[in-house]
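Any value given below was found using the heavy atoms of this structure, including those in side chains, with hydrogens, waters and symmetry copies removed. Letters A, B, ... are given to chains in the order of the sequence lines, protein chains preceding strands, and every chain is numbered from 1.
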Number of protein chains: 2
Amino acid sequence: MATPESGATLESVATVAGVSRQTVSNVLNAPERVAPETRQRVEDAIRELRYRPNRSARSLRTRISRLVGYCVQPTPAGNLNPVLDRFVHAVTESAAEHGFHVLLFTAPAGTAGLDRYAELLAQRAVDGFVLADTVVADPRPGWLTEQGVPFVAFGRSWSGPDIGRWVDVDGAAGMTEAVEHLHALGHRRIAFIGWPEGSGVGDDRVAGYTAACLRLGLDPRVVRAEGGAETGRALAGALLDGDGAQEPPTALVCVSDESAYGALRALADRGLRPGEDVAVVGFDDTPAARLPGVDLTSLSQPIEQIGRESVLMLLGLLGVVETPPGPEHRLLRPSLVVRASSRPAVPPTEA
Amino acid sequence: MATPESGATLESVATVAGVSRQTVSNVLNAPERVAPETRQRVEDAIRELRYRPNRSARSLRTRISRLVGYCVQPTPAGNLNPVLDRFVHAVTESAAEHGFHVLLFTAPAGTAGLDRYAELLAQRAVDGFVLADTVVADPRPGWLTEQGVPFVAFGRSWSGPDIGRWVDVDGAAGMTEAVEHLHALGHRRIAFIGWPEGSGVGDDRVAGYTAACLRLGLDPRVVRAEGGAETGRALAGALLDGDGAQEPPTALVCVSDESAYGALRALADRGLRPGEDVAVVGFDDTPAARLPGVDLTSLSQPIEQIGRESVLMLLGLLGVVETPPGPEHRLLRPSLVVRASSRPAVPPTEA
DNA sequence: CTGAAAGCGCTTACAG
DNA sequence: CTGAAAGCGCTTACAG
């Protein structure tokens with residue numbers, strides 16, 4: 001029995017099957033060229049020897065590595081949103097369906113990191129990249145396009161021209177759904193706890209909130225500060241305490257779960273019950289949202305789908321799969337996971 | 001200017017430098033064999049052409065892929081402990097310091113997944129593996145050892161003979177530290193909320209707790225049930241309500257943060273204040289532990305260090321780095337992160 | 001349909 | 001110290 005290390009080659013398979021190396025190669029790469037009985041003999045030999053083509057030899061010859069580059073960023077300590085674990089898994093699994101694997105590397109953020117991408121390309125180590133952790137004014141899409149390198153980004157270009165292919169979450173649509181959900185429960189004073197202007201993601205989410213409010217005839221009310229749970233707590237606290245001019249909101253839509261956890265804390269500080277006295281909705285559906293005593297309603301991103309679609313787009317670019325005749329972008333809707341923080345309905349405070 | 005795609009080769013570098021291909025190769029792999037001025041000329045040419053050796057060609061020749069295999073498991077939905085994000089980053093970064101990259105793949109759990117490992121080996125796609133998500137009776141260490149494949153596991157073998165190299169967290173030491181911390185705060189009735197017997201990790205942690213109690217003259221009191229926050233809530237609730245025979249504990253040490261979040265909820269259910277009325281300690285230092293209103297004391301695993309040490313051990317096995325003359329195992333201590341859930345001290349309830 | 005030839009880009013003994 | 005030769009394992013035209 002051949003062990004994985006036994007090192008069957010095209011040559012040894014050919015000998016066993018009584019054909020030439022090329023015929024074995026043809027069975028692998030162009031089976032229709034080989035007569036059925038010959039093919040059968042070769043396939044038997046392959047099975048018997050547990051033969052697998054040497055990846056390096058194949059890559060050297062075809063100039064295709066069947067490797068997709070993915071840059072892992074250091075997870076910030078205390079990051080609540082372990083989205084990339086799931087994303088990377090989905091990417092890896094989808095890639096495997098087409099004989100591709102994922103090559104991980106690290107790189108500094110910004111322009112300084114481009115060298116690492118260049119090095120992998122110079123080494124012909126990868127055929128293309130899946131980009132994550134995209135930021136406003138990310139230099140990578142432009143640079144990769146310049147170099148003619150296939151890539152797909154998780155996250156659209158938020159500034160400048162819209163370069164390259166991407167898959168992203170429709171944050172605006174998610175926030176619209178959150179507002180509609182709260183409106184249906186009877187809420188009429190729904191405030192938004194957001195980030196400062198200028199973050200693409202945050203601006204997108206607040207836009208969805210505002211649009212929904214206007215469509216439903218509600219007054220949008222947006223407060224902003226740099227993210228963080230303590231910030232959310234402070235912003236929510238100020239809203240709940242009121243400022244004399246405006247009545248406090250009965251529902252808080254938060255740009256992230258992180259802010260929402262702060263908002264929940266602000267409720268607790270004041271003896272208010274989430275869902276009963278004031279509704280709270282977050283974004284990301286982080287793991288802590290489902291904990292007993294938290295039970296936060298939140299928008300869940302379709303991460304697995306984003307991973308799959310990213311790979312499909314990239315393999316289309318590489319000519320490995322039929323490119324679907326679709327657009328260069330895919331915007332996927334998050335889904336609202338309703339938990340106790342927005343139940344039961346608060347009785348409408350205004351007729 | 002050479003673009004990454006321009007495809008400088010050993011040949012083109014040799015032409016520019018006016019030497020033969022072999023000399024260029026020597027500059028790269030055995031610079032001491034080349035005369036200084038020749039070397040300089042070659043290095044200039046390399047820089048000018050932005051030359052990088054083709055990885056496939058090099059691998060084909062040397063039979064070393066400079067790739068480490070890592071299997072990504074699907075993250076269970078709602079998993080609170082995004083440890084692998086950090087682990088993978090540390091592994092990738094450490095590997096890069098020695099010219100290695102990480103190749104990601106997926107595989108079913110258990111014996112069924114061994115095929116994927118075998119396939120990568122047959123393809124000569126990787127030189128070895130870093131194993132994570134190790135479980136009791138994991139078939140991988142034994143199988144890889146049989147095949148003579150280099151690997152290092154994050155997590156020791158909990159059953160059967162202790163096979164291969166591993167790096168792990170000293171859960172027992174962590175729990176001992178937790179008990180000592182609580183004892184120093186004045187607690188004398190410290191209970192442990194654990195998992196059912198038979199999980200290596202859980203047994204290790206409870207052992208550390210028990211040992212510390214006995215050493216400090218405290219009565220160990222262990223309750224167990226399948227993990228989960230709701231379970232922790234129920235177990236903690238029963239302890240806090242007392243059973244007539246024993247006074248309720250003043251501190252709860254939990255086998256995981258997940259259980260601890262449930263315990264915190266049990267406190268809240270009874271109007272008890274964490275840290276003031278009853279202390280709670282978890283394990284994993286999950287991101288939610290630092291949220292306002294949670295503030296859970298917990299044991300933090302030195303994940304980055306585990307990743308680095310795993311890579312170093314593996315590269316030692318591969319002969320890439322000097323193998324430190326140490327043992328085949330490394331047991332690293334977690335560190336206690338003290339937060340409000342174990343502060344301020346509860347006055348000792350018994351003299 | 002099948003097989004002999006060339007070559008992908010590198011490294012490793014081995015002569016000179 | 002430097003260079004000519006062989007070969008890693010594959011695929012791709014191209015003859016037969």
Residues which pass side chain to side chain donor-acceptor pair (under 3.5 Å) with A/S56, listed by chain and number, not counting sequence neighbours: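 Checked A/S56 against side chain to side chain donor-acceptor pair (under 3.5 Å); zero matches.
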
Which residues share a side chain to side chain donor-acceptor pair (under 3.5 Å) with A/E304, sequence neighbours left out: A/R86

Where do A/T145 and A/F151 land on the side-chain contact (heavy atoms from CB on, under 4.5 Å) test, with the steps shown first? CA-CA 8 Å; A/T145 302; A/F151 74 95; 3.4 Å; yes

Would you classify A/S56 as touching base, sugar-phosphate or nothing, given that sugar-phosphate means primed atoms plus P, OP1 and OP2, and contacts are heavy atoms under 4.0 Å?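 No contact.
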
Can you find a pair of side-chain heavy atoms, one from [X] and one from [Y], that are under 4.5 Å apart?
{"X": "B/F154", "Y": "B/V91", "result": "no"}
{"X": "A/L67", "Y": "A/R55", "result": "yes"}
{"X": "A/V311", "Y": "A/F100", "result": "no"}
{"X": "A/T75", "Y": "B/P82", "result": "no"}
{"X": "B/D162", "Y": "B/E328", "result": "no"}

Answer yes or no: is there an ion pair linking B/D44 with B/R47, defined by an N-O contact shorter than 4.0 Å? yes

For residues 14-33 of chain B, which residues have at least one heavy atom under 4.0 Å from DNA chain C?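 Here the set is B/R21, B/Q22, B/S25, B/N29.
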
Short question: side chain of [X], backbone of [Y] - any donor-acceptor pair under 3.5 Å?
{"X": "A/S65", "Y": "A/S59", "result": "no"}
{"X": "B/T92", "Y": "A/F105", "result": "no"}
{"X": "A/D168", "Y": "A/R156", "result": "yes"}

So the stems of DNA chain C, runs of at least three Watson-Crick or G-U pairs (under 3.5 Å), are C:1-3 with D:14-16, C:5-12 with D:5-12, C:14-16 with D:1-3

Tell me, please, the opening and closing nucleotides of DNA chain D, 5' to 3', among those with an atom under 4.0 angstrom from a non-hydrogen atom of chain B.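 Nucleotide range in contact with chain B: D/dC1 to D/dG9.
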
For DNA chain D, which residues in residues 59-68 of chain B have a heavy atom at a distance below 4.0 Å?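 Per residue number, the list reads B/L60, B/R61, B/R63.
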
